[in-house]
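Comments concern the structure below.
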Amino acid sequence: MSVRVRFAPSPTGSLHLGSARTALYNWLAARAAGPEGTFILRIEDTDRERSTPEHVDAALRIFRWLGLDWDEGPGVGGAHGPYFQGERASRYAAHARELLEAGHAYECYCTAEELATRREGHAASDRAWTYDGRCRDLSDAEREERRAAGTPASIRFRVPTGRSVTFQDLINGESSFESDLLGDFIIVRSSGDAVYNFACAVDDALMEVTHVIRGVDHLSNTPRQVLLLEAMGRPVPTYAHVPMILGPDGRKLSKRHGAASVEELDRAGYLPVGICNAVALLGWNRDDDTTVMSMEEMVEAFDPARVNKAAAAIDYRKLDWINGQHLRALEPAAFEAAWQAWADRWLDPQDPRNAGAASVDAATVRILVQEKVARFGEVPGLLAFLASDAAIAPEAWEKLDAVEPLPRVLAAASEVVTACADQDRWSPEAIEEGIRALVGSLEVKPRELFNPIRLAITGQRVSPGLFESAWALGAGTVRDRLEHVRTESMDRRGAASGSTDR
RNA sequence: GCCCCGUUCGUCUAGUGGUCCAGGACACCGGCCUUUCACGCCGGCAGCACGGGUUCGAAUCCCGUACGGGGUACCA
């Protein structure tokens, strides 16, 4: 079955997580239909202020980055273009004219001010205010008179009275609304611009959209659009109104909650597939025990009819976990490429906090952190010790001071390092072999050996594995740090015992 | 106000009248592994919003209440 879906963002510069999920669901629905599926990207750039070319570019870039490629739309064209609403004005005008001629719409001469006054005068008691129909049944002579007076007219849709408008919604089931509650609504402003509901109906009709997957905030627009489609003699698509995404506190998701947009998650170092996976699970699941899925697996399993009705609160900790799973599953080359791409965009090498991470290549980063982090944003902190001027953290000193055999452990480690380097065996494995042998020869407990060495060379309470860290640092630096801590610790011990004498 | 929608562990969810004294995942707690952290493994805590029905039987069906949300524009 042919599936034509569309996502219609207004390019405001950032993609909200809720929108990202809606876009993803559309994309999944299209891809699930195989060659019969078409994902259309339509840009709602009617807001001249915000719809700058830069914002449009940014929007397209974020879709590409997420992996949501489109079959029709900006840059790829298609048989139903143009795909910018700003370029479709003539189509809206033509359809408005047809509706006017067929009697499905009429000119309205009420001004915005008049309408506001009448609305205020309406008793707020029972029914919601709807257009009072003042211009609905004007005679030709009366219309002529108004026109002569020069009042710019808007165009209203003549909503049929006394019927219920019913449509199919995959998520909410069959939905229906009373047409009498709608009121004749405006489809073309007195300025001549099409109003959203009308533009949307025309576009969906002309683009032959079969399934409209969008946020629930559009649910109450649907009866209007259905009525318009019917009046235009066009088929009514199947709808799927997806629920909202809430912040961790259960309130509407906003910047206040941290990352509310895809850009922010990118900056924080999440993978596209991690974001898609996590966001897809907010309201949908494959079965009762699948959490981590690739894009392909999601395509295979996605079913809009299985999307929940209830809004879901995002849990960033679960996002972290899911992303970590994807990160760990990456092949070496893929991990390195993803890291490099992220670092190129977000890692400012001038920032001293990034000095460690910026000093090594992608392969080294991979060896050091792939098993440890949930997202790339954690890497600079974890690799800070690689900076040439990295210092020992106070907490690290506290632990070092507590290690009784510290001097001989460090001295022995230093010898191992020298030996490895001299024999041209500078690898994590060789270092590990040499250090482990010390447990026996020094007759110390493993934790009395490994931990102090790790603390001495990284200076961090939390760090990558000891052997990999040493390897990445290089023999010279490791020896220097070992020696530095050894002498320093003796001074500290001397000072400490001196003070107890007093 | 009016229209519409929602409500299962802290969070995401499975569940469509008996197989549910409600299953999984994240988080949390405990243990194991262990060079820190993380990973991994094992175990634990914790939930059907409330009140009425219907039924031999209800998380599942109906009604109501509470709470939350969306809409109610010459916004999108």
Side-chain angles (χ1 to χ4, degrees), chain A residues 8-10 12 44 46-47 85 108 110-113 115-116 119 122-131 152-156 171-172 175-178 181-183 185-197 199-200 215-223 241 243-244 246 248-252 278 281-292 308-322 324-325 328 369-374 378 382 395-396 399 432 435-436 439 445-455 458 460-467 469:
Chain A
S10 41
T12 55
E44 306 210 328
T46 47
D47 185 335
Q85 279 193 338
C108 173
C110 302
T111 66
E113 295 69 39
L115 292 167
R119 199 189 339 254
H122 171 260
S125 55
D126 37 23
R127 291 265 239 100
W129 187 85
T130 52
Y131 180 61
S154 59
I155 301 175
R156 278 187 192 272
I171 297 170
N172 297 286
S175 303
S176 67
F177 290 79
E178 295 307 312
L181 263 15
L182 262 26
F185 53 91
I186 288 178
I187 57 175
V188 178
R189 280 182 266 263
S190 49
S191 65
D193 295 324
V195 150
Y196 166 77
N197 273 311
C200 182
V216 257
D217 46 328
H218 287 288
L219 187 59
S220 52
N221 286 325
T222 308
H241 286 96
M244 296 193 56
L246 274 18
D249 58 358
R251 307 194 62 83
K252 198 168 177 171
L281 255 18
L282 258 24
W284 171 78
N285 61 81
R286 184 173 90 178
D287 51 47
D288 62 358
D289 59 18
T290 306
T291 303
V292 181
N308 287 137
K309 290 187 187 185
I314 183 166
D315 180 354
Y316 291 106
R317 293 172 302 186
K318 189 162 187 174
L319 201 215
D320 274 354
W321 181 81
I322 289 174
Q325 297 294 312
R328 248 153 258 129
V369 309
Q370 186 170 16
E371 296 298 321
K372 302 234 155 216
V373 299
E378 296 173 13
L382 199 58
E395 314 93 76
K399 296 191 178 249
E432 174 165 9
I435 300 282
R436 278 196 189 283
V439 176
K445 291 188 212 123
R447 44 185 341 103
E448 288 177 317
L449 177 75
F450 300 118
N451 213 220
I453 298 173
R454 194 185 60 75
L455 287 163
T458 70
Q460 297 177 184
R461 219 178 56 72
V462 174
S463 77
L466 162 57
F467 313 114
S469 296

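Just so we're on the same page: letters track the sequence lines, and every chain starts at 1.
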By the 4.0 Å heavy-atom rule, please label [X] as base, sugar-phosphate, or nothing.
X        : value
A:Thr111 : base
A:Glu395 : nothing
A:Pro464 : base
A:Gly465 : base
A:Leu181 : sugar-phosphate
A:Phe185 : nothing
A:Leu282 : sugar-phosphate
A:Cys108 : nothing
A:Ala313 : sugar-phosphate
A:Leu246 : nothing

### Query
Could you go step by step and tell me if A:Arg454 and A:Ser469 meet the side-chain hydrogen bond (donor to acceptor under 3.5 Å, both in side chains) rule?
CA-CA 8 Å; A:Arg454 194 185 60 75; A:Ser469 296; over 6 Å; no
### Pairwise C1' distance for B:rA14 and B:rA66, with rounding to whole Å
27 Å
### Span that lies between the P atom of B:rU55 and that of B:rC48, in whole angstrom
26 Å
Would you indicate, yes or no, if [N] has its OP1 or OP2 atom less than 4.0 angstrom from a side-chain nitrogen or oxygen of [X]?
X        : N      : result
A:Arg119 : B:rA73 : yes
A:Lys309 : B:rG6  : yes
A:Asn285 : B:rU13 : no

### Query
Are any non-hydrogen side-chain atoms of A:Val195 and A:Val188 less than 4.5 angstrom apart?
no
Could you check how far [atom1] of [X] sits from [atom2] of [N], rounded to whole Å?
X        : N      : atom1 : atom2 : result
A:Asp287 : B:rU16 : CG    : C1'   : 17 Å
A:Ile171 : B:rC5  : CD1   : C1'   : 12 Å
A:Asn172 : B:rC4  : CG    : P     : 13 Å
A:Asn197 : B:rA76 : CG    : P     : 9 Å
A:Asn308 : B:rU13 : CG    : C1'   : 7 Å
A:Arg286 : B:rG23 : CZ    : P     : 22 Å
A:Ile155 : B:rA73 : CD1   : P     : 20 Å
A:Ile322 : B:rU13 : CD1   : C1'   : 12 Å

## Note on the structure
By the Watson-Crick or G-U definition, both distances under 3.5 Å, B:rU35 is matched with none
## Note on the structure
If pairing means Watson-Crick or G-U wobble with both distances under 3.5 Å, then the partner of B:rA66 is B:rU7
### Task
Kindly compute the distance separating CD1 (A:Ile155) from OG (A:Ser190), expressed to the nearest 0.5 Å.
10.5 Å
### Message
Just verifying a value: how many Å separate A:Ile187 CD1 and A:Asp193 CG, rounded to the nearest 0.5 Å?
### Response
13.0 Å
### Message
Once hydrogens and angles are ignored, does a donor-acceptor distance under 3.5 Å link the base of B:rA76 to the side chain of A:Asp217?
### Response
no
### Message
With a 3.5 Å cut-off and heavy atoms only, can you find an N or O donor on one side and an acceptor on the other between the side chain of A:Ser220 and the base of B:rC3?
### Response
no
Of all the choices, [options], which nucleotide is nearest to the side chain of [X] once you look at every atom?
X        : options                : value
A:Arg454 : B:rC39, B:rU36, B:rG10 : B:rU36
A:Arg447 : B:rA14, B:rA76, B:rU36 : B:rU36
A:Ile186 : B:rC74, B:rC12, B:rG69 : B:rC74

### Task
Using only heavy-atom distances, determine whether the side chains of A:Thr222 and A:His241 contain a donor-acceptor pair under 3.5 Å.
yes
#### Entry: Check against side-chain hydrogen bond (donor to acceptor under 3.5 Å, both in side chains), A:Ser175 and A:Asn172
CA-CA 7 Å; A:Ser175 303; A:Asn172 297 286; 5.4 Å; no
### Message
Within 45 degrees of the ring normal and closer than 6.0 Å to the centroid, is that where the cationic atom of A:Arg156 sits relative to A:Phe185?
### Response
no
#### Entry: Contact nearer the 5' end of RNA chain B, comparing A:Arg436 with A:Leu281
A:Leu281
### Task
Assign each of A:Lys252 and A:Thr291 to its nearest nucleotide of RNA chain B by heavy atoms, then name whichever residue's nucleotide is nearer the 5' end.
A:Thr291
### Query
What do you reckon, do A:His218 and the base of B:rA76 stack, with centroid distance below 5.5 Å and planes below 30°?
yes
